[in-house]
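Chain letters run A, B, ... following the sequence lines, proteins first, then strands; residues in each count from 1. Values below: all heavy atoms of this structure, side chains included; hydrogens, waters and symmetry mates excluded.
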Amino acid sequence: MRPGGSLPVLASGGRFTLPSSRRSDGWTMDFTFAEDLREFLAHAYGVEVGSIPVGPCPAEFRGDLTVSGYVLARQLRRNPLEIAAKSAEFLGCHEDVGAVEAVKAFVNVTLVPAALMRDTVADGQKLLGSVVLPAPERRRILIEFSAPNTNKPQHLGHVRNNCIGMATAAILRRVGHDVARVNLVNDRGIHICKSMVAYLRFGQGETPESSGRKGDHLVGEYYVAFDAEFRRQVAALREARPEWAKASDEELFLRTEIGRTAQDMLIAWENGDGEVRALWERMNGWVLAGFEETYRRLGVCFEKTYLESETYTLGRDIIRQGLESGVFRRREDGAVVIDFSDPALGSKVVLRSDGTSVYVTQDIGTTLLKQNEFSPDQQIWVVGDEQVYHFRVLFAILGALGYPWADRLVHMAYGMVHLPSGRMKSREGTVVDADDLVQELEDLARAATLERAGAEVPEDIEERARVIGMAALKFMLLKVSPRTTLLFDPEASMTFEGDTGPYVLYAYARIRSMLRKAEAMPDEDRVDWAALGSAEEKALALRCAAYPDVVRKAAAELDSSALAGYLLDLAKDFSRFYRSCPVLSAPAAAQRDARLLLSDRVRAILRDGLETLTIGVLESM
RNA sequence: GCCCCGGUAGCUCAGUUGGAUAGAGCAACGGACUUCUAAUCCGUAGGUCGUGGGUUCAAUUCCCGCCCGGGGUGCCA
């Protein structure tokens, strides 16, 4: 059971260690003036100078870009003000520079428009092409996510997990890694037996077909029914036996008739009891079919799906071997444990005294299985932050067992989803169901689209509703940092305005519309970039140029929110440009062509970026 | 008790390998559709960056203490 308790959330386990681009700030695209400045400074001070720290110039100052004298000062070991003055002096004579101003230790550079465009958006191939890492930095990565239990339908917490997993995989692929997505379905255990017991007791033989209900929802109802009956029995027990009044539900589980029945069923399942297995297969089949439907709607897919019923015994042999080699020891009570030198980890049982596996033992087994089947350089688990300790233990055990790849395992811990009323709790019915949520967003998107369409109903209205609804959902989940505990306020979240997926989609659709009207695209080689130069145009071009680094940073830090935030900024920059710079009706042909091409660059990046977040686009909205 | 994560505008969240006057969306208020799609744009208002120290030319960012919230600390998953 991966996503734990009532579900997810996450937090952050340590730092991630994927190969990263050299600079996290600034641009991968090289500015000619910066390169020339680098050489100049290296020569002037007789020191090796790394890359020049170029960043955006804050709006309050005059300039397009800013070079920080403070950062250079660390490399050059000179006075920042002196460096800034010297740099400004040099840049004042540079042909690309229209104006330069040193303010304190900052050098604000205004580029000649043609140079700015040349160094940013002129080469469209390079712009999108440089997202990909050089071959030596590419890795084979296996990412596990979703990992649902087959006793109830998925809810918003699972949706966050699924979306983060899919988007992270897509981001890693985008920069050139070889990524395999795997799911590990928890299809066995006491929780499934609970649904089964309740079904036998209250189900009267109903099926998804007979009830017209989606299989996972149907089974989930019996899980809830079990809990209701269990609570009733526990309450009665406490009433009858005052000495147990203070015992926890868990402590009393096996004292209740229904709890005992579920436990017996689990044992029967493990012994391969025919009837139990048949019922289990039937009900699991219903749930898995339901999941398939949910995954289809969300666009979730995997290269491989493991079933825990087939892997849960795998770790035991490794434990026995480790016992012989002294990694583990057998405690007086018969349980096998590992004693960590790190006091924060303490001592951990890996095999119960009856010889059965615990959670971490199974994970040792599946980790080895995945390692053998995929030979990844790195494995990533997208699992809620409540399991940080579990993964620290798992990784420490694998390290103790001597696997050289153990220090490259990553737990991508993400935060829980909370509702305004607090944590989601299945038993109390305070969960946001995944299927309902998707449906609701699609309905809202349809209504919003029709409202704006006026009399003519678009032919592809269903497609639009689907794409817009999903964009809203995924963007909402992906735009916040994975580690953040997310508050889902239905009122405020179900909107298509402001910082949302549909906002980005809208910018894309407006560009498409414009390009359709333009009919022919101008010849790239003949465009006169010098025709541009307004603040909006320059800001847009500079934003475009930052794209490759943003994607690389998102990949290196496993952070979809860096990319989502960037796309929002880009769409915003475009909207400003669109408002103040007429394209099709630009005063001069050269201006029209250059603006058209600039718009097309934005279009390409928006599409590339959205797809890298697994969000589809629309040609019209 | 101990460990981990978080505390930034009324709300939801960015920003932080230390750097110029801390940002966005929503909500509030005021503007802009005979003009390439107003799911848009512009403006106003809104902050002791939890708190107290320390390091530094420079701290929301790094270090220590404290307060508040969440999670973890099982022969559960």
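Regarding A/Glu386, its CD atom lies at a distance of 17 Å from the P atom of B/G6, rounded to whole Å. In this entry the distance linking CE of A/Met621 with P of B/C36 reads 18 Å, nearest Å. The distance between atom CG of A/Asp489 and atom C1' of B/U12, rounded to the nearest whole Å, is 9 Å. What separates CZ of A/Arg423 from P of B/G69 is a distance of 16 Å, to the nearest Å. Spacing between atom NE2 of A/His418 and atom C1' of B/G69 amounts to 10 Å, rounded to whole angstrom units. Atom CG in A/Leu450 sits about 14 Å away from atom P in B/A39, given to the nearest Å. In this structure, A/Met514 places its CE atom 17 Å from P of B/U35, rounding to the nearest Å. If you measure from atom CG of A/Leu419 to atom P of B/U12, you get 14 Å, rounded to the nearest angstrom.
Of the side-chain N and O atoms in A/Arg392, none sit less than 4.0 angstrom from OP1 or OP2 of B/G72. In terms of phosphate contacts, A/Arg579 brings no side-chain nitrogen or oxygen within less than 4.0 Å of OP1 or OP2 of B/U35.
Listed candidates were B/C41, B/G72, B/C36. Nearest to the side chain of A/Tyr503 is B/C41. Closest to the side chain of A/Val480, from the set B/G72, B/C75, B/A14, is B/A14. When distances run from any side-chain atom of A/Thr484 to the nucleotides B/U73, B/A14, B/A39, the shortest one goes to B/A14.
As the counterpart of B/C62, B/G54 is assigned, both hydrogen-bonding distances of the Watson-Crick or G-U wobble pattern falling under 3.5 Å. Nucleotide B/C2: paired with B/G72 (Watson-Crick or G-U wobble, both distances less than 3.5 Å). Pair assignment for B/C29 gives B/G43, based on Watson-Crick or G-U wobble hydrogen-bonding distances that are each under 3.5 Å. With a 3.5 Å ceiling on both atom-pair distances, B/U21 lacks any Watson-Crick or G-U wobble partner. Of the nucleotides present, none pairs with B/C49 by Watson-Crick or G-U wobble criteria with both distances under 3.5 Å.
With rounding to the nearest 0.5 Å, the separation of CG in A/Asp187 from OH in A/Tyr312 is 10.0 Å. For the atom pair NZ (A/Lys194) and CZ (A/Phe253), the distance works out to 5.0 Å, reported to the nearest 0.5 Å.
Using a 4.0 Å heavy-atom cutoff across all strands shown, A/Val358 reaches sugar-phosphate atoms only and no base atom. Among the protein residues, A/Glu451 comes within range of no part of the nucleic acid, since none of its heavy atoms lies under 4.0 Å from any strand. Within 4.0 Å of A/Ile468, counting heavy atoms only, lies at least one base atom of the nucleic acid. Among the heavy atoms of the strands lying under 4.0 Å from A/Ala509 is at least one base atom, whether or not backbone atoms are also near. Residue contacts for A/Phe496: at a heavy-atom cut-off of 4.0 Å it reaches a base atom on one of the strands shown. A/Ser493 comes within 4.0 angstrom of no nucleic acid atom, judged by non-hydrogen atoms across all strands. Within 4.0 Å of A/Thr356, counting heavy atoms only, lies no atom of the nucleic acid at all.
Separating the C1' atom of B/A59 from that of B/C49 is a span of 11 Å, rounded to the nearest Å. A distance of about 14 Å separates the C1' atoms of B/A27 and B/C13, rounded to the whole Å. For B/G30 and B/G46, the C1' atoms lie 15 Å apart once the distance is rounded to whole Å.
The main-chain N or O of A/Asp363 is found under 3.5 Å from a side-chain atom of A/Thr366 such that the two form a donor-acceptor pair. In terms of modelled atom types and a separation under 3.5 Å, the side chain of A/Lys553 and the main chain of A/Ala562 share no donor-acceptor contact.
A salt bridge does not link A/Arg331 to A/Asp339: none of the charged nitrogens lies less than 4.0 Å from a carboxylate oxygen. Ion pairing between A/Glu536 and A/Arg576 fails under the 4.0 Å rule for side-chain N and carboxylate O. Between A/Asp354 and A/Arg352 no salt bridge is recorded (no basic side-chain N to carboxylate O distance below 4.0 Å).
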Verify side-chain contact (heavy atoms from CB on, under 4.5 Å) between A/Cys581 and A/Ser534, making sure each step is shown before the conclusion. CA-CA 9 Å; A/Cys581 303; A/Ser534 69; 3.7 Å; yes
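Side-chain atoms of A/Phe488 and A/Met424, non-hydrogen and from C-beta on, never get closer than 4.5 Å to each other. Using a 4.5 Å heavy-atom cutoff, the side chains of A/Leu441 and A/Met470 are not in contact.
Nucleotides of RNA chain B nearest to A/Ser561 and A/Arg352 differ in position, and the one nearer the 5' end is that of A/Ser561. Place A/Arg452 and A/Tyr578 on RNA chain B by their nearest nucleotides, and A/Tyr578 ends up nearer the 5' end.
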Distances for protein N or O near nucleotides 19-24 of chain B N or O, under 3.5 Å:
| residue | atom | partner | partner atom | Å |
| --- | --- | --- | --- | --- |
| B/G19 | N7 | A/Arg74 | NH2 | 2.7 |
| B/A20 | N6 | A/Thr66 | OG1 | 2.9 |
| B/A20 | N6 | A/Asn108 | OD1 | 3.0 |
| B/A20 | N1 | A/Asn108 | OD1 | 3.1 |
| B/A20 | N1 | A/Asn108 | ND2 | 3.2 |
| B/A24 | O2' | A/Asp499 | OD2 | 3.1 |
| B/A24 | O2' | A/Lys572 | NZ | 2.8 |

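Contacts of residues 585-598 of chain A with RNA chain B (heavy atom under 4.0 Å): none.
For A/Phe574 and A/Phe577, the distance between ring centers is under 6.0 angstrom.
The environment of A/Arg516 atom CZ is dense: over 12 non-hydrogen atoms of other residues, nucleotides or ligands sit within 6.0 angstrom.
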